[in-house]
Amino acid sequence: MFVKDVMKENPFTINPDASVLDAKELMRKNKVTKLPVVDKGGALVGIITANDLQKASPSQATSLDMYEVGYLLSKLKIEKIMVKNVKTTSLDTPVEDAAQLMTSYNIGSLVVVKDDILVGIVTETDLFASFIKMFSAKTHALRAAMVLDEHPGVLSKLVDAIAQKNGNIVSLVTSDAADENFRKVTIKVTGVSTEDLSAMIFNVGGTLEDIRSV
């Protein structure tokens, strides 16, 4: 799965000359919390978030009345508070690499560009949605979590055993184990019983950590 499969295409944008009030209204109206900032030529020049707008607004302890606050925010331009060093990614970036970038930079979104042109935005929420799809979380099935030897052919033997029982694999996700000689595997299947799947895992030398219908 790639960024292009989960991103929001043609996201709402704002001009750097727009005011903080304009940005707040645009976010409120369209129920978004992030706006890429583009100049009149369409070039990406920054990004603004709801958190940035909150920080730029006077605190509730201010002595200014609502009209004075509104006036100040109508004069404060986005270019003054936007983040200029925008982290970007491409359409063909794997979702796990996008997630790693967000984690490394401690940010909640990446702007997606193609030939330096803004084409989308991918957020934490989008990646969570892709995670749900990878695990087929909405599909009722038998779910087993196990640890297998990190040897060629072990996982293939388990898959073959499931096929021989006319089972259907709904999802299969692997991850690193604490010991590099092993691998964690989570699998969801239909068409086989708890007893049969447990036996298959045991027969390939796996350690079953959890099995349940979900």
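We count residues from 1, following the sequence as given. In what follows, every heavy atom counts, from backbone to side chain, and hydrogens, waters and symmetry copies are set aside.
A 4.5 Å side-chain heavy-atom check between Leu142 and Thr190 finds every atom pair outside the cut-off. Side chains of Ile187 and Met146 form a contact here, defined as non-hydrogen atoms less than 4.5 Å apart. Using a 4.5 Å cut-off on side-chain heavy atoms (C-beta onward), Leu208 and Phe202 make no contact. At a threshold of 4.5 Å between non-hydrogen side-chain atoms, the residues Asp176 and Lys184 do not count as touching. Looking at Val20 and Lys80, their side chains never come closer than 4.5 Å, going by heavy atoms from C-beta outward.
Using a 4.0 Å cut-off between a side-chain N of Lys or Arg and a carboxylate O of Asp or Glu, Asp22 and Lys24 do not qualify as a salt bridge. With respect to the salt-bridge test (charged N to carboxylate O, under 4.0 angstrom), the residues Asp126 and Lys8 qualify.
Heavy atoms only, all atoms of each residue included: Leu155 and Val185 are closest at CD1-CG1, 4.3 Å. The heavy-atom pair separating Val214 from His140 by the smallest distance is O-ND1, 2.7 Å. Considering all non-hydrogen atoms of both residues, Met82 and Ile48 come closest at CA-CD1, 3.9 Å. Taking both residues in full, the closest heavy atoms of Ser90 and Val112 are given as C-CG1, 3.9 Å, listed atom of the first, atom of the second, then distance. Across all their heavy atoms, Leu158 and Val204 have their closest contact at N-CG1, 3.9 Å. A pairwise comparison of heavy atoms in Met102 and Val122 identifies CE-O, 3.3 Å as the closest pair.
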TODO: Under the salt bridge (charged side-chain N to carboxylate O under 4.0 Å, His left out) rule, what do Asp92 and Lys4 come out as? Steps first, then yes or no, please.
DONE: CA-CA 6 Å; Asp92 295 324; Lys4 63 185 177 184; 3.1 Å; yes
Task: Test side chain to side chain contact (heavy atoms under 4.5 Å, CB included) applied to Thr89 and Met7, step by step - done: CA-CA 11 Å; Thr89 190; Met7 72 176 193; over 6 Å; no
- [ ] Starting from the C-alpha separation in whole Å, work towards a yes-or-no answer on side chain to side chain contact (heavy atoms under 4.5 Å, CB included) for Phe182 and Leu148.
- [x] CA-CA 6 Å; Phe182 299 92; Leu148 300 179; over 6 Å; no
Open item on the list: Is there a side chain to side chain contact (heavy atoms under 4.5 Å, CB included) between Leu91 and Phe2? Walk through the geometry before answering.
Closed with: CA-CA 7 Å; Leu91 293 166; Phe2 301 96; over 6 Å; no
Open item on the list: With side chain to side chain contact (heavy atoms under 4.5 Å, CB included) as the criterion, how do Ile162 and Asp160 come out once you've worked through the C-alpha distance, each side chain's angles and the decisive distance to 0.1 Å?
Closed with: CA-CA 5 Å; Ile162 293 171; Asp160 288 343; over 6 Å; no
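No donor-acceptor pair under 3.5 Å is formed between the side chain of Ser136 and the backbone N or O of Thr139. No donor-acceptor pair under 3.5 Å is formed between the side chain of Asn106 and the backbone N or O of Thr103. In this structure, the side chain of Asn30 does not engage the main chain of Val32 through any donor-acceptor pair within 3.5 Å. Ser104 places a side-chain N or O within donor-acceptor distance of the main-chain N or O of Gln100, the cut-off being under 3.5 Å. For the pair Asp179 (side chain) and Asn181 (backbone), a donor-acceptor distance under 3.5 Å is present. Asn203 places a side-chain N or O within donor-acceptor distance of the main-chain N or O of Ala199, the cut-off being under 3.5 Å. In this structure a side-chain-to-backbone donor-acceptor pair under 3.5 Å is present from Ser130 to Leu127. Side-chain atoms of Asn15 come within 3.5 Å of backbone atoms of Asp17 as a donor-acceptor pair (strictly under, hydrogens ignored).
The distance from atom CZ of Arg143 to atom CG of Asp210, rounded to the nearest 0.5 Å, is 6.5 Å. Note that the OG1 atom of Thr194 and the CD1 atom of Ile211 stand 5.0 Å from one another [nearest 0.5 Å]. Once rounded to the nearest 0.5 Å, the distance linking NZ of Lys84 with CD1 of Ile81 reads 11.5 Å. Rounded to the nearest 0.5 Å, atoms OG1 (Thr33) and NZ (Lys31) are 13.5 Å apart. Distance CD1/Ile14 to CD1/Ile47: 12.0 Å, rounded to 0.5 Å. Atom CD of residue Glu209 and atom OG1 of residue Thr186 lie 8.0 Å apart, to the nearest 0.5 angstrom.
Surrounding CZ of Phe12 are at most 12 heavy atoms belonging to other residues, nucleotides or ligands under 6.0 Å away. Within 6.0 Å of the NZ atom in Lys87, the count of heavy atoms belonging to other residues, nucleotides or ligands exceeds 12.
Residues Leu110 and Val95 are members of one and the same hydrophobic cluster, defined by side-chain heavy-atom contacts under 4.5 angstrom among Ile, Leu, Val, Met, Phe, Trp and Tyr. Transitive grouping of hydrophobic side chains (ILVMFWY, heavy atoms separated by less than 4.5 Å) keeps Val147 and Val154 in distinct clusters. No single ILVMFWY cluster, assembled from side-chain heavy atoms under 4.5 Å apart, contains both Leu44 and Leu35. Residues Val6 and Ile121 do not share a hydrophobic cluster, defined by chaining ILVMFWY side chains whose heavy atoms lie under 4.5 Å apart. Residues Leu172 and Met134 do not share a hydrophobic cluster, clusters being chains of Ile/Leu/Val/Met/Phe/Trp/Tyr side chains in contact below 4.5 Å.
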